[in-house]
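Read through the structure below, which is laid out as structure tokens, and then see the notes.
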Amino acid sequence: FETNLFGSKMQFWGDENQAHVEYEECGCWAVVENIAASELEKETMSEGWAEITQLLAQEFGFTGTERIGTEPGEACCTITFTR
């Protein structure tokens, strides 16, 4: 588990072939939720973060996928890096 300077709370687990980052809270997205951004702008930002995940994964020889939580009690976002 880790909390970073942006206020995100994350959990990490995995092995040499697959690793996960699960956001219990995302400090950056919490700020986005509180600004006067349209739904289209929020969707565009989310797509940008997904693209960054892919680029980061590729640099280390992985594929990156994001899963956005929709159910109560579910992590708001889980990123999986797979070799």
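Numbers here simply count residues along the sequence, with the first being 1.
The distance from the CD atom of Glu25 to the NZ atom of Lys9 is 4.5 Å, given to the nearest 0.5 Å. Atom CD of Glu66 sits about 3.5 Å away from atom OG1 of Thr53, to the nearest 0.5 Å. Atom CD1 in Ile35 sits 7.5 Å away from atom NZ in Lys42 (nearest 0.5 Å).
The minimum heavy-atom distance linking Gly27 with Ser8 is given by the pair N-OG, 2.8 Å. Nearest heavy-atom pair across Ile68 and Cys77 is CD1-SG, 3.9 Å.
Partners of Gln11 by side chain to side chain contact (heavy atoms under 4.5 Å, CB included), not counting sequence neighbours, listed by chain and number: Phe1, Trp13, Glu22. Shown here are the side-chain hydrogen bond (donor to acceptor under 3.5 Å, both in side chains) partners of Arg67, two or more places apart in sequence or in another chain: Glu74.
Residue Phe60 belongs to a hydrophobic cluster whose other members are Met10, Phe12, Val21, Tyr23, Leu56, Phe62, Ile79, Phe81, with links defined by side-chain heavy atoms closer than 4.5 Å.
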Show, in sequence, the C-alpha distance, side-chain angles and deciding distance for Gln18 and Thr80, and conclude whether the side-chain contact (heavy atoms from CB on, under 4.5 Å) test is met. CA-CA 7 Å; Gln18 190 173 67; Thr80 301; 3.7 Å; yes

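Looking at heavy atoms from C-beta onward, Ser46 lies out of side-chain contact with Glu43 at the 4.5 angstrom threshold.
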